[in-house]
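Encoded as structure tokens, the structure appears first; notes follow it.
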Amino acid sequence: MPAELAADLARAVGFQHAFARRRTPREVTVQGGFAVLDERYPGSHDDNKLIVGAGPGPVPRTPQEAREAAERLLRAADEVLAEREHRLVCVDDDRLGTALAPAFLAAGYEHETNLIMAFRGTTPPAPAAAERLSAAELLPVLRRDWRHTLPQAPDEVIDGLARRVEGRLRGADAVSFWGVRAPDGEIAARADLYEHGGVAQIESVFTGADHRGKGHARALMTALLARAAEAELIFLVADAADWPKDFYAKLGFEELGRTHAFLRT
């Protein structure tokens, strides 16, 4: 991997780790990584997870070494997430995640590969369509979207999923929420922007089901790229198996590297 690419990847991963640490009420150190825990939102995967980097030793080179490394992480996840109904282990080193995948799958975990993508295109001029939202303004939008996604969930679950946004305000020097409205005034698309130390992350990009295919997400992304134009690095994370990665590529984002998430519910 070219040195510049590797440096940007390390910077993006480091940004995510620091963001998670700043926002969490409780951090637990484990071998090769750390766990974040938030008693307020026990069902939130993102707020209760084990995060692993390259680890203190070499990447496993044989199936036996990979099984042993996975077993250590499986035990660590069971220990630190013992009071949760889920287990989420995020492995932010591609070679390590790839090596661990067979053992995690055998243990009943689902495996997701994510792309860390950096903006390499030409910064667009800012359109007038996007507007900044306060956390209070965003809450009813989040409740609406989560209710659509989880129609059978109890109201307290929906409210907890929405209120997690308040914790994000501690994650970076500048945390802002943005939206684009449909002609009827409803927020059609929304996203977060985190800025800290010369790095900007675009996160939680979402378009309501009734508003897709109408250019709202493109208008929103254009606004965010213009807003973060002074950043030394602008990045986002996309599911390697889903279509948004292709949308981001058309906007000028390029893959820096891959991370892995293992989830059991």
Side-chain angles (χ1 to χ4, degrees), residues 12 16 44-46 110-153 155 157-159 161-165 168 175-195 200-229 231 233-259 261 263:
Q16 291 179 292
S44 170
H45 300 169
D46 192 44
E110 298 175 2
H111 177 206
E112 178 178 284
T113 301
N114 292 309
L115 309 179
I116 296 183
M117 305 180 74
F119 182 65
R120 301 300 198 210
T122 302
T123 302
E131 65 180 80
R132 187 167 181 168
L133 306 171
S134 68
E137 291 173 314
L138 186 58
L139 278 174
V141 180
L142 293 171
R143 290 190 185 100
R144 177 203 70 192
D145 293 339
W146 277 113
R147 174 53 66 198
H148 186 272
T149 303
L150 302 172
Q152 304 302 321
D155 289 343
V157 171
I158 297 299
D159 188 63
L161 289 169
R163 287 196 172 278
R164 297 178 306 167
V165 71
R168 296 176 194 164
V175 174
S176 53
F177 311 114
W178 297 83
V180 169
R181 294 188 184 274
D184 63 2
E186 187 176 66
I187 295 295
R190 55 176 170 80
D192 301 355
L193 179 62
Y194 312 143
E195 301 169 277
Q201 179 184 5
I202 299 173
E203 176 63 18
S204 300
V205 181
F206 183 86
T207 303
D210 295 335
H211 302 290
R212 293 171 186 168
K214 301 176 183 178
H216 297 303
R218 180 176 292 274
L220 179 60
M221 289 295 297
T222 301
L224 294 179
L225 290 170
R227 158 81 187 189
L233 172 66
I234 303 173
F235 79 97
L236 52 75
V237 180
D239 186 340
D242 208 354
W243 66 264
K245 69 180 186 301
D246 302 316
F247 167 66
Y248 298 135
K250 292 177 182 177
L251 293 176
F253 283 86
E254 298 179 3
E255 180 182 339
L256 290 178
R258 299 185 172 214
T259 61
L263 174 66

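All values below were derived from every heavy atom in this structure, side-chain atoms included, with hydrogens, water molecules and symmetry-related copies excluded.
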S134: what forms a side-chain contact (heavy atoms from CB on, under 4.5 Å) with it, not counting sequence neighbours?
->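 Here the qualifying residues are A136, E137.
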For R132, side-chain contact (heavy atoms from CB on, under 4.5 Å) partners two or more places apart =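 side-chain contact (heavy atoms from CB on, under 4.5 Å) list for R132, sorted by chain: S176, W178, R227.
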Hey, what do you get for [atom1] ([X]) to [atom2] ([Y]), rounding to the nearest 0.5 Å?
X	Y	atom1	atom2	value
L236	I116	CG	CD1	10.0 Å
R181	L220	CZ	CG	12.5 Å
H216	T207	NE2	OG1	8.0 Å
R147	D159	CZ	CG	10.5 Å
E112	L263	CD	CG	8.5 Å

Evaluate the criterion side chain to side chain contact (heavy atoms under 4.5 Å, CB included) for residue pair V205 and M221; output intermediate values, then yes/no.
-> CA-CA 8 Å; V205 181; M221 289 295 297; 4.0 Å; yes
For L161 and L150, what are the C-alpha separation, side-chain angles and deciding distance, and is it a side chain to side chain contact (heavy atoms under 4.5 Å, CB included)?
-> CA-CA 11 Å; L161 289 169; L150 302 172; 3.7 Å; yes
What are the two closest non-hydrogen atoms of [X] and [Y], and how far apart are they?
X	Y	value
A261	N114	CB-ND2, 4.4 Å
L193	A228	CD1-CB, 4.3 Å
T122	F119	O-CZ, 3.6 Å
F235	A12	CZ-O, 3.7 Å
T222	P125	CG2-O, 3.7 Å
T123	A229	CG2-CB, 3.5 Å

Side chains of residues 243-254: which donor-acceptor pairs under 3.5 Å do they make with residues two or more places apart or in other chains?
from	atom 1	to	atom 2	distance (Å)
K245	NZ	A240	O	3.4
K245	NZ	D242	O	3.2

Give the intermediate values and the outcome of side chain to side chain contact (heavy atoms under 4.5 Å, CB included) for residues L142 and V165.
-> CA-CA 9 Å; L142 293 171; V165 71; 3.8 Å; yes
Does a side-chain heavy-atom distance below 4.5 Å link V237 with L115?
->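 No. Closest side-chain heavy atoms not under 4.5 Å.
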Less than 3.5 Å apart, which donor and acceptor atoms pair up between the side chains of residues 184-192 and the rest of the protein, not counting sequence neighbours?
from	atom 1	to	atom 2	distance (Å)
D184	OD1	E186	N	3.0
E186	OE1	H211	NE2	2.6
E186	OE2	R144	NH1	3.4
R190	NE	D145	OD2	2.8
R190	NH2	D145	OD2	3.2
D192	OD2	R168	NH1	2.7
D192	OD2	Y194	OH	2.7

Main-chain N/O of W146 paired with R143 side-chain donor or acceptor, under 3.5 Å =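 No; judged by distance alone, with no hydrogens or angles, the pair does not exist.
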Salt bridge (charged side-chain N to carboxylate O under 4.0 Å, His left out) partners of residues 203-217, not counting sequence neighbours, each pair once |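 Qualifying pairs: none.
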Quick one: do L225 and I202 satisfy side chain to side chain contact (heavy atoms under 4.5 Å, CB included)? Show the steps, please.
-> CA-CA 9 Å; L225 290 170; I202 299 173; 4.1 Å; yes
Considering residues at least two apart in sequence or located in another chain, which fulfil the ring pair (Phe, Tyr, Trp, His ring centres under 6.0 Å) criterion with H45?
->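 If we apply the ring pair (Phe, Tyr, Trp, His ring centres under 6.0 Å) test to H45, skipping adjacent residues, the hits are H86.
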